[in-house]
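To keep things clear, I will list the structure first and then write my remarks on it.
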Amino acid sequence: MPHTAGYRGRFAPTPSGPLHFGSLVAALGSYLDARAVGGKWFLRIEDIDPPRCPPGAADTILRQLEAFGLHWDGEVSYQSLHGAAYAASLLRLEQLGLAYPCSCSRKQWRQHAIYPGWCRDGVRDVGKPVAWRLRSDLGLRPVAWHDRLFGPQSFDPETLGDVVLKRKDGLWAYQLAVVVDDAEQHITHVVRGLDLLDNTPWQRQLQEALGFAEPRYLHLPLIVSTEGQKLSKQTLAPALPEEGDAVRSLLFQALQALDQAPPRVLAGASVEAQLEWAISHWSVSRLNATPSRPWKQSE
Ligand code: GLU
């Protein structure tokens with residue numbers, strides 16, 4: 001078994017609803033990538049946006065992961081409890097001159113593709129509620145990183161804009177929360193769905209600004225319906241089961257979606273046997289760098 005010293009991975013679902021097949025593929029890919037090298041795998045519930053998170057959804061996710069044998073290390077981490085860490089990082093960015101309050105509304109700048117930075121040198125409408133943004137116009141350079149599947153990535157900072165770190169309603173924004181938590185948990189490898197690739201440049205900018213280490217990134221092909229739509233709550237993707245025979249079959253299908261070519265005999269095997277095979281055979285080089293995998297529930 002190859003060993004990557006100190007590998008620390010994570011699965012970081014937003015509990016906006018139960019997990020579906022697409023989330024299973026992302027969870028399984030990150031789990032296998034960690035376990036194949038004897039690494040740690042953590043679970044972080046990204047519940048920073050309470051109106052989007054129905055009560056009980058996080059517990060459902062925990063039960064679903066358990067049913068699929070995806071056992072995490074240590075305690076579950078909840079973003080709703082990390083406000084102090086986000087506030088400390090925002091303060092640091094402000095002290096560095098890299099974060100500023102902004103009173104502008106989307107309506108005011110709708111003629112522009114990205115926020116034009118009007119509040120960079122002082123809030124425009126003093127007294128109005130403010131969001132906080134990252135100042136991206138200082139030290140501009142291409143934001144680049146290497147994705148383990150999709151290769152070299154490069155984004156022009158001028159197309160990124162000043163990303164929101166804290167919203168006007170006081171809620172923390174995903175980009176800041178995810179970067180702070182990945183750093184606090186010493187995450188070395190981020191493995192997640194391709195829908196998040198576009199977010200990575202802001203996360204790289206924030207890591208640089210805050211002096212955090214750059215994790216390695218692997219974005220996984222997205223699972224789409226046979227009509228080509230991303231599986232999601234909006235497209236009525238069925239929730240993963242918490243027990244029963246369907247668990248084995250869906251786990252097998254997830255291994256196929258990850259291009260791991262599991263042998264047919266494994267299809268009816270227990271969750272433990274499937275995972276054991278998958279951990280010892282996990283190979284990123286088997287993954288095709290095509291952006292999506294159509295999938296249809298077979299039962
Ligand atoms: N919470 C994000 C989501 O569920 C994922 C965050 C991440 O993996 O970086 O889409």
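Count residues from 1 along the sequence. Both counts, for ligands and for their atoms, begin at 1 and track the order of listing.
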Per-atom contacts of ligand 1 with Val178, taking only distances under 4.0 Å to non-hydrogen atoms | 9 (O)
Partner of Leu70 by side chain to side chain contact (heavy atoms under 4.5 Å, CB included), out of Leu28, Val271, Leu19 = Leu28
Between the main-chain N or O of Leu210 and the side-chain N or O of Arg92, is there a donor-acceptor pair closer than 3.5 Å?
-> yes
Closest protein heavy atom to atom 10 (O) of ligand 1, given as residue, atom name and distance to 0.1 Å | Leu196 CD1, 4.0 Å
Would Ser249 and Gln253 satisfy side chain to side chain donor-acceptor pair (under 3.5 Å), going step by step from the backbone distance to the final call?
-> CA-CA 6 Å; Ser249 141; Gln253 291 170 50; 3.0 Å; yes
Any donor-acceptor pair under 3.5 Å linking the side chain of Gln153 with the backbone of Trp145?
-> no
Nearest-neighbour protein heavy atom for atom 5 (C) of ligand 1, which is reported as residue plus atom name and distance | Ala12 O, 3.3 Å
List the closest protein heavy-atom neighbour of atom 6 (C) of ligand 1: residue, atom name, distance to the nearest 0.1 Å.
-> Glu46 OE1, 3.2 Å
Numbered atoms of ligand 1 (with element) below 4.0 Å of Arg192, judged on heavy atoms = 7 (C), 8 (O), 9 (O)
Checking heavy atoms under 4.0 Å, the part of Tyr174 that sits near ligand 1 is side chain
Donor-acceptor pair, side chain of Thr188 and main chain of Arg8, under 3.5 angstrom | yes
Test item: Leu24 and Ile223 side chains (from C-beta on) under 4.5 Å apart, heavy atoms = no
Report yes if Thr14 has an N/O atom closer than 3.5 Å to an N/O atom of ligand 1; otherwise report no.
-> yes
Proximal atoms of ligand 1 relative to Arg10 (non-hydrogen, under 4.0 Å) | 7 (C), 8 (O), 9 (O)
